[in-house]
Amino acid sequence: MTPEKYRELGLTGEQVRDMYRLMVLARELDKRTWLLNRAGKIPFLVSCQGHEGAQVGAAAALEVGTDLLCPYYRDIAMVLAFGMTPTELMLSNFARAADPNSGGRQMPGHFGSRRLGILTGSSAVGTQITHAVGAALAARMRGETTVVMTCFGEGSGNQGEFHEAANFAGVHKLPVIFFCQNNRYAISVPLEKQVGGGSIAARGQGYGMPGVRVDGNDVLAVYETVRDAVLRARQGEGPTLVEAMTYRLVPHSSDDDDSTYRSREEVEAAKRDDPLLRFGRYLRNVGVMTEADQEALLQKTLAIVDAAVSEAEAAPSPAPESTLEHVYAATREEH
Amino acid sequence: MTPEKYRELGLTGEQVRDMYRLMVLARELDKRTWLLNRAGKIPFLVSCQGHEGAQVGAAAALEVGTDLLCPYYRDIAMVLAFGMTPTELMLSNFARAADPNSGGRQMPGHFGSRRLGILTGSSAVGTQITHAVGAALAARMRGETTVVMTCFGEGSGNQGEFHEAANFAGVHKLPVIFFCQNNRYAISVPLEKQVGGGSIAARGQGYGMPGVRVDGNDVLAVYETVRDAVLRARQGEGPTLVEAMTYRLVPHSSDDDDSTYRSREEVEAAKRDDPLLRFGRYLRNVGVMTEADQEALLQKTLAIVDAAVSEAEAAPSPAPESTLEHVYAATREEH
Amino acid sequence: MAVKNYIEAITDALALEMRRDERVFVMGEDVGVRGGVFRATAGLLDEFGPQRVLDTPLAEAGIVGTAIGAALNGMLPVAEIQFVDFILPAVNQIISEAAKIRYRTAGDFHCPIVIRAPYGGGVHGALYHSQCLEALFTHVPGLKVVTPASPYDAKGLLLSAIRDPDPVLFFEHKRCYRLLKGDVPADDYTVPIGKVAVRREGSDITVFSYGLMLHFCQEAAEDLASEGISVHLVDLRTLLPLDRESILAAASRTGKALIVHEDNKTHGIGAEVAALISEEVFFDLDAPIMRLCGPDVPAMPYSSPMEKYYMLDQKKIADKMRELAAF
Amino acid sequence: MAVKNYIEAITDALALEMRRDERVFVMGEDVGVRGGVFRATAGLLDEFGPQRVLDTPLAEAGIVGTAIGAALNGMLPVAEIQFVDFILPAVNQIISEAAKIRYRTAGDFHCPIVIRAPYGGGVHGALYHSQCLEALFTHVPGLKVVTPASPYDAKGLLLSAIRDPDPVLFFEHKRCYRLLKGDVPADDYTVPIGKVAVRREGSDITVFSYGLMLHFCQEAAEDLASEGISVHLVDLRTLLPLDRESILAAASRTGKALIVHEDNKTHGIGAEVAALISEEVFFDLDAPIMRLCGPDVPAMPYSSPMEKYYMLDQKKIADKMRELAAF
Ligand SMILES: Cc1ncc(C[n+]2csc(CCOP(=O)(O)OP(=O)(O)O)c2C)c(N)n1
Ligand SMILES: Cc1ncc(C[n+]2csc(CCOP(=O)(O)OP(=O)(O)O)c2C)c(N)n1
Ligand SMILES: [Mg+2]
Ligand SMILES: [Mg+2]
């Protein structure tokens, strides 16, 4: 990173500080969730640690309020950037009735909020990618300038639905960013056993769209790449496939034991390239934040996390009988 | 085509004459099938006219008896090259009990024969592509040198299964030829509405395999391309994606009316590039066949077609009650 | 009121609703310039343009997934699957996504899509152009499954389906397309989803059916009437959710129930209807609940004698009706 | 004879058959170095190497399609689908291809694949890691669907499945994996596909179940025994093809039939079992055929109180048994 890179990109000190804030917030929420899981308070989690740089860099290039997101389960930092609150995330972790994503029905990591422009997703990987294309088609039909961002792991880029979605968007030149967060593993399966040729970005040209690989641990590089893609999309030039290279610093989920398939050396090496540390360092180097600023931010963040946990833990679970609700529209609603 | 191209490719006069024979045979069988359909004798057909060059050129590069085929419904010339007889094809057209493909159960064009190494296919486009990959995997496991050829239209190259198959073959460097017969239409939908970027071959690199586009109406060019691909595959270097550019000279099937979506000028222009005429001309030009030879071949072929039709028409239909057979193995067979 | 055939009634409904509501659009393979391989969307491209009549790439999961995405973003897509046999690549989108969107978001999102698909046999379509696949979806809460058996119902139910806030699978028997003609009002009307229609009042036996078979049942019922056997004939019309009350009342009325469908028997629609009756009105019954269905083979063969063997017809149905009446 | 749990019995069967027959291999997501996310394939990579224990790309249609292709070319693949919920992208391969290969070639080809998948809830798996999807396939002739309920059966049925010349869906209740322990012979034995097991002889009511629910039924039956109600308990084990004769005999024996399953009720397995009984042995019945099943909602929620509400348990089952016995 060149020292003044953020300015060259047209970002202000305030903006990059806010990006860092989101990364710290995502990381601390995530870390706390592991503690809650290990303490037996929440049955399951899926983690974003290591992906925060890619997510925050990408989200910063979007217009929250206008643009739409079809996320995947690791997108904690991404949905925070879209406006989901720490308390809302914790309500989801605790499966509380007030969880805005699902009312406690889905596992954590299954984001969705009409208010925030986050389209609901399932656990079946890849299905959200075609939804993004459909949402973009709808926007185009109404003459809106919305761009739709959709995220997925490189493993999920091998699902047929990725192909069908990318091709449809390519044919119709739809405003979609296909944002692959390549962390080199699909659970235990390493990249070379998953992806023929090893590159998801290389698939772009087969759909008539640019395919760009970017260092996903370099927040500003991701920002720049996605910003260009958003510009193209907004100008009607069509979709872009972005492959952000990153690493998952923790096991796949709370049910996983990654020591069975990754050496500790490999994980330690990746930790040295942790996007959070890197960006923190960069901000200190360019004088946007001091160490003290960052420490203060951390303390403030921890307090936010504390509050979110307390509030969510105290919130009521859904009523058991509500299991029967929301199968079909209760009445013939206007739609 | 350079005059001596066939020799440069290592083909003998006898070989190219035989390739031409197969093309004529496929064409005449196909034409006769239309007559039978229009006469109300067979309810349905799907045609290979225009694709004969691509199919025969590709098949000539394979080792019949060793290599396997996962065909698609237009592969009449291809299965003839694999050893299916005209009578067998007519038995299928007439849905006779002796139809080796299905005993009269499948529509014409749904080829399959254990004896000939042609793996059975359904109507659902694209499913055969993953079968080819599995068959190649099996061969590799047993240390055999089999190459598996699978065919599909460019429309079907947009199915997710194509992607999943190609990627699997790319990861495992399996001996598969993905042979796309691009005739620029999926029924009525033209290439530009189907294929983002317009090229199926461009997809190869996204799976770590070469993607080659070839003039599918140039029999020898197809032969050369597929020969190279077969060599790669046989040497353990992995799969190749070949896109043979061709044209369907007739409607999609006997149920189609192509005048609703293609101009007659376009069809007429394509007819001037008919691979059969082109190859016939070439063989005359290089002195491998005379006009008289070709006329004699045509007459012989027509007699073969006549005989096939008579034999098939006279053959018995399956017994109605046999509808209940072959759901499961009748006995616990050895397998 | 004009006489139209079944497929014209479909086209009619699509055009009417596209005029009435800008959010409605159609998409699928060959629905544009070709007007659909069966011509159900004929004329729509000319009237509504390529933005609202979308020829899609050949990829069913993509078609349904794209439709869902468009619905989540405010549109009302009507996706055509060229033959119901080819809906299978889209099953993940239908069951994992469409069916569960309302439920999994506790109502924050819903998924108002319609998937139209021609189904059924007797057209020399062989294994993959003849299947009935309705029973694959009737076990899935969150979906609605509709199978009209007349031009009038085809239009009225399709209008209901497009206006329904939940995902509707709309299965059209392809043999009905040009076989059935009937009065179809030119204007806007709906037929409610979730309600049977009694096609014939009777007192000896109750027969439930839908789609093409309903017509064969009607003909068979006429045969039986001349023999003095009175058939109460119910057109199920909606297969999910079932019209439980009407089904139970109709079964109780005669105490003898027969379910007739083209689809193979084991675990078909008839299973749920029979189970429902035997659970809820058991003591009203005077005879075993019977099913007459396609044979339990993977799909209909191409060969004419085999196809004929597979398909039910007026005679096979009349025989079964007599068997039940004799109890 | 060693005491093993349900999942060890699975691993046992896989290893045994891979040793016995070179054509057998396993494939799926994470089946290699990870030994499967549930550890069903633990140890296989070490013993058999990466050629026979294949970690595949994350693509279920590809997994099943590749397995089919390998089977067509002489191998005996055992494909793992990580959770049955994720079998849906492969439905086209299963229904269009595997189920129809023998039929459509009049026996020239057949398709000896096994697809193993963990299913079922009560594990905080939420909507997409809790589903029962067996009823999606039991309507499809050409397939076999097996659901063992004990370690002994898990091994014996899996060996039968791998040796079966037709495609078998082998569904393992994930809650049973480590919950159930039992005697499992170390050597080779098979349990036949297509045969029920009577788990308890009784005379007052007949209960049919499978998988995890079978155990809850067993417990409930013990409760009832102490109240003087005698339950005849049948483990269906194979859901397609059903063991018709044994089911009918068991229903006739008491004249009162109840089907219990975790999966939602409408058009579930219970529908076919009830329909079969009401059609074939109607006059042996003394009471309505009852079903006790999961509620008709799209899938099981994550929230504990909701999950508990969804799942059946010993008490709910005992109550229903009493209701039936009281007739
Ligand atoms: C269709 C489907 N198959 C399998 C799974 C189980 N599963 C969940 S995450 C995962 C790996 C995903 O890897 P990748 O796409 O690279 O994302 P990452 O978790 O590495 O971010 C698998 C196999 C699933 N959720 N959906
Ligand atoms: C899964 C599936 N969807 C739809 C169809 C109907 N259909 C049959 S052929 C065809 C077009 C195929 O086009 P292409 O792959 O280009 O092959 P071509 O016929 O042009 O040779 C379609 C849509 C089908 N057979 N299978
Ligand atoms: Mg990954
Ligand atoms: Mg084509």
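Naming convention: chains lettered A, B, ... in sequence-line order (proteins, then strands); numbering from 1 in each chain.
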**OP:** Given ring pair (Phe, Tyr, Trp, His ring centres under 6.0 Å), test F282(C) with F282(D) step by step and report yes or no.
**Re:** CA-CA 10 Å; F282(C) 178 79; F282(D) 178 78; 5.7 Å; yes

From the list S278(D), G270(D), P141(D), the residue making the most non-hydrogen contacts under 4.5 Å with chain C is P141(D)

(request) Tell me, yes or no, whether the heavy-atom count around K308(C) atom NZ, taken from other residues, nucleotides or ligands under 6.0 Å, exceeds 12. (result) no

Okay, I94(C) and chain D: the region with an atom under 4.5 Å from a heavy atom over there is neither

Applying a strict 4.5 Å limit to non-hydrogen atoms, the region of I269(D) in contact with chain C is both

d(Y128(D) OH, R104(C) CZ) to nearest 0.5 Å is 4.0 Å

Under 4.5 Å to a heavy atom of chain D? For D284(C) that would be neither

Looking only at L242(D), L240(D), D263(D), V140(D), the option with the highest number of non-hydrogen pairs under 4.5 Å against chain C is D263(D)

Q) Is any NZ, NE, NH1 or NH2 atom of the basic residue among E279(D) and K265(C) found under 4.0 Å from an Asp or Glu carboxylate oxygen of the other? A) yes

Whatever's closer than 4.5 Å to a heavy atom in chain D on L143(C) counts as neither

Looking only at A275(D), P288(D), P301(D), the option with the highest number of non-hydrogen pairs under 4.5 Å against chain C is P288(D)

Taken to the nearest 0.5 Å, the spacing of H267(C) NE2 from T138(D) OG1 works out to 4.0 Å

Heaviest contributor of heavy-atom pairs below 4.5 Å to chain C, chosen from A126(D), G142(D), P89(D), A90(D), is P89(D)

Legend entry - Validation row: L276(D), T266(C) side chains within 4.5 angstrom (heavy atoms): no

**Q.** Residue pair Y103(D) / L127(C), side-chain heavy-atom distance below 4.5 Å
**A.** yes

Turns out that what part of A99(C) lies under 4.5 Å from chain D's heavy atoms comes down to backbone

When the 4.5 angstrom heavy-atom criterion is applied to F137(C) and chain D, the contacting part is neither

Of F283(C), Y302(C), F86(C), the largest count of non-hydrogen pairs under 4.5 angstrom with chain D goes to F283(C)

Applying a strict 4.5 Å limit to non-hydrogen atoms, the region of L285(D) in contact with chain C is both

Under 4.5 Å to a heavy atom of chain C? For A257(D) that would be neither

Under 4.5 Å to a heavy atom of chain D? For A287(C) that would be backbone

- Distance flag, aromatic centroids of H139(D) and H139(C), threshold under 6.0 Å: no

Given A274(D), P241(D), P295(D), S96(D), the one with more heavy-atom pairs under 4.5 angstrom with chain C than any other is S96(D)

The interface call for Q93(D) against chain C, heavy-atom contacts under 4.5 Å, is neither

In this structure, CG of N92(C) is separated from CG of D85(D) (nearest 0.5 Å) by 10.0 Å

Interface check, chain D: of L136(C), V91(C), N264(C), D296(C), most non-hydrogen pairs under 4.5 Å belong to N264(C)

